[in-house]
Student: 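Just dropping this structure here.
Residue numbers start from 1 in every chain, and the chains themselves are labelled A, B, ... in the order their sequence lines are given, proteins ahead of strands. Any value given below was found using the heavy atoms of this structure, including those in side chains, with hydrogens, waters and symmetry copies removed.
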Protein chains: 2
Amino acid sequence: MSRSPSQDLDEHADALPRQQRTYSIGELARMFEVTPRTIRFYEQEGLLAPSRQGQKRIYREKDRVRLKLTLRGKRLGFSLAEIREVVMMYDAMPDGNARQLKRLLEILEEKRANLDRQMEDIRLMRLEIDDVDQRARDVLRQLGETS
Amino acid sequence: MSRSPSQDLDEHADALPRQQRTYSIGELARMFEVTPRTIRFYEQEGLLAPSRQGQKRIYREKDRVRLKLTLRGKRLGFSLAEIREVVMMYDAMPDGNARQLKRLLEILEEKRANLDRQMEDIRLMRLEIDDVDQRARDVLRQLGETS
DNA sequence: GACGAGGTTTACGTTAACGTAAAGTGCTTG
DNA sequence: CAAGCACTTTACGTTAACGTAAACCTCGTC
């Protein structure tokens, strides 16, 4: 871990309204501490769809948000396929038919249940870690006393 | 999702004190809804070390707990290597020297920070999901009114 | 006009975490 | 004793998520 990512904070508040700012692939990569390769891969997997100016990819605010959500999902252990599933349905929503929308609601409910389970897992994991921590400190103290 | 795992609940409270119960690989596999292959793989990766009776693996309470922790770690997106790191240091604790113990405390602190970040990620993710959910319901309602 | 910094495509390589198949062992049950 | 079931080892296959390398464009600049 070298430098923490700047994420979405404009470091030195730039003048232009964030909404029309654009980013190069390199900029985005530095922002989120990933490689350009990763970003291109996400595009190939249908998670991003930047516009082009000639050959070059142009990323807008929407793309940046998507990337942020994608990486967050990854940190939570979701596969790119799962992430795409939600992201794409979200986009298809406005003109989605009732069946699709209900299916979306189902998926969302699954995700929520998943998150709840993860919350519980984290809670339990913390207890374990605190326990191990305590034991380690105890042993350390013992060592200190008998040395 | 076929049948939810029984985890550590003794389904029909058996008489023998849980501490000396033993399990076959198949039993454990069914308990946690994984394949025997997975369990053997975890052993090969140094996460489990069941005793043998002839050729057959005999799992005790300790092994079952380890497997449970391992799978919980996996659900949280940890790699087997990361999980092993903590589990093995935990075992090496009693006779660990001060340097090792301090190193362990460092690792634990990292893990804790990691869990905190995940908590935050989950919180944010829930907000997103709730938002998408709300929009979907709105669209559905619109459809209902105009049909 | 050479060149360095960024970008591009194409394509093969790599790692983790298992899946899957083959071939053998050992018990117990009809 | 044959059949079946649960276990074993060995070994090759597979998938996701990128890494890495080669070969090319394009722009500002020295």
Student: From CG of B/Leu48 over to C1' of C/dC18, roughly how many Å is that when rounded to an integer?
Tutor: 15 Å
Student: Could you tell me whether the side chains of B/Gln142 and B/Asp138 share a donor-acceptor contact shorter than 3.5 Å?
Tutor: no
Student: Check whether any side-chain heavy atom of B/Asn114 sits under 4.5 Å from a side-chain heavy atom of B/Leu76, and report yes or no.
Tutor: no
Student: Any salt bridge linking A/Asp133 with A/Arg137? Criterion: basic side-chain nitrogen under 4.0 Å from a carboxylate oxygen.
Tutor: yes
Student: Just wondering, do B/Arg40 and B/Leu48 contact through their side chains at under 4.5 Å, heavy atoms?
Tutor: no
Student: Tell me which of B/Arg40 and A/Thr35 sits closer to the 5' end of DNA chain D, going by the nucleotide each one is nearest to.
Tutor: B/Arg40
Student: Reading DNA chain C from 5' onward, which residue's closest nucleotide shows up sooner: B/Phe41 or A/Ile58?
Tutor: A/Ile58
Student: Using the side-chain heavy atoms of A/Ile25, tell me which of these nucleotides is nearest: D/dT8, C/dT8, C/dA11.
Tutor: C/dT8
Student: Within the structure, does a side-chain N or O atom of A/Thr38 lie under 4.0 Å from either OP1 or OP2 of D/dA17?
Tutor: no
Student: Taking A/Lys102 first and then A/Glu106, would you say they form a salt bridge - that is, a charged N and a carboxylate O separated by under 4.0 Å?
Tutor: no
Student: Take atom CD of A/Glu43 and atom P of C/dT10, then tell me their distance rounded to the nearest Å.
Tutor: 12 Å
Student: Taking B/Arg52 for its side chain and B/Gln55 for its backbone only, find out whether a donor-acceptor pair lies under 3.5 Å.
Tutor: yes
Student: Quick one: is D/dA16 close enough that its OP1 or OP2 comes under 4.0 Å of any side-chain N or O from A/Lys74?
Tutor: no
Student: Taking only side-chain nitrogens and oxygens of B/Tyr42, does any of them come within less than 4.0 Å of OP1 or OP2 of C/dA17?
Tutor: no
Student: Return the value, rounded to whole Å, for the distance between atom CG of A/Leu28 and atom P of C/dT8.
Tutor: 11 Å
Student: B/Lys56 has a side chain; which of C/dC18, D/dC7, D/dA17 sits nearest to it?
Tutor: D/dC7
Student: To the nearest angstrom, how far is A/Arg37 atom CZ from D/dA16 atom C1'?
Tutor: 12 Å
Student: If I take atom CD1 in residue B/Ile39 and atom P in nucleotide C/dG19, what distance separates them, rounded to the nearest angstrom?
Tutor: 11 Å
Student: Can you sort out which residues in residues 77-87 of chain A have a heavy atom within less than 4.0 Å of DNA chain D? Ascending by number, please.
Tutor: A/Ser79, A/Leu80
